[in-house]
Amino acid sequence: MRRREILKRLEKFTCPHCGALVGCDELGKLGMYSFKIYSRHVERCQDIVEAMRAADAEEAERLRNDLP
Ligand SMILES: [Zn+2]
């Protein structure tokens, strides 16, 4: 596989939320369940990111209310 193809594949399997490479290795080698693993990760990761954002917002609000 060409370097460009490898990079393209790595990009495709990089989680947009945490930046982790999921479902394939650094050489772009895929397994039978690569895409399934990847989509499951992204779905979970999104939930985590959203929960963290929500927590941050709450914390931010609390901090704002504590302001003198
Ligand atoms: Zn992720």
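Counting starts at 1 for both ligands and their atoms, following the listed order.
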Hphob cluster co-occupancy, Met1 + Met32, side-chain heavy atoms under 4.5 angstrom: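 Linked, Met1 and Met32 end up in one cluster.
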Anything under 3.5 Å between a donor and an acceptor, one on a side chain of residues 36-46, the other on a protein residue two or more places apart or in another chain? List them.
unit_1 : atom_1 : unit_2 : atom_2 : d
Tyr38  : OH     : Thr14  : O      : 3.0
Ser39  : OG     : Phe35  : O      : 2.5

Residues in side-chain contact (heavy atoms from CB on, under 4.5 Å) contact with Glu11, at least two apart in sequence or another chain: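 None.
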Without placing hydrogens or testing angles, list every side-chain donor-acceptor pair under 3.5 Å for residues 19-31, not counting sequence neighbours.
unit_1 : atom_1 : unit_2 : atom_2 : d
Asp25  : OD1    : Leu27  : N      : 3.0
Asp25  : OD1    : Gly28  : N      : 3.1
Asp25  : OD1    : Lys29  : N      : 2.9

Lys8 bridged to Glu5 by N-O distance under 4.0 Å: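 Judged by the 4.0 Å cut-off on N to carboxylate O distance, Lys8 and Glu5 do not form a salt bridge.
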Whether over 12 other heavy atoms sit under 6.0 Å from Glu59 CD: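 Yes - once you tally the heavy atoms of other residues, nucleotides and ligands closer than 6.0 Å, there are more than 12.
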Protein N/O/S neighbour count - the Zn ion (ligand 1), strictly under 2.8 Å: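 Of the protein's nitrogen, oxygen and sulfur atoms, 4 lie under 2.8 Å from the Zn ion (ligand 1).
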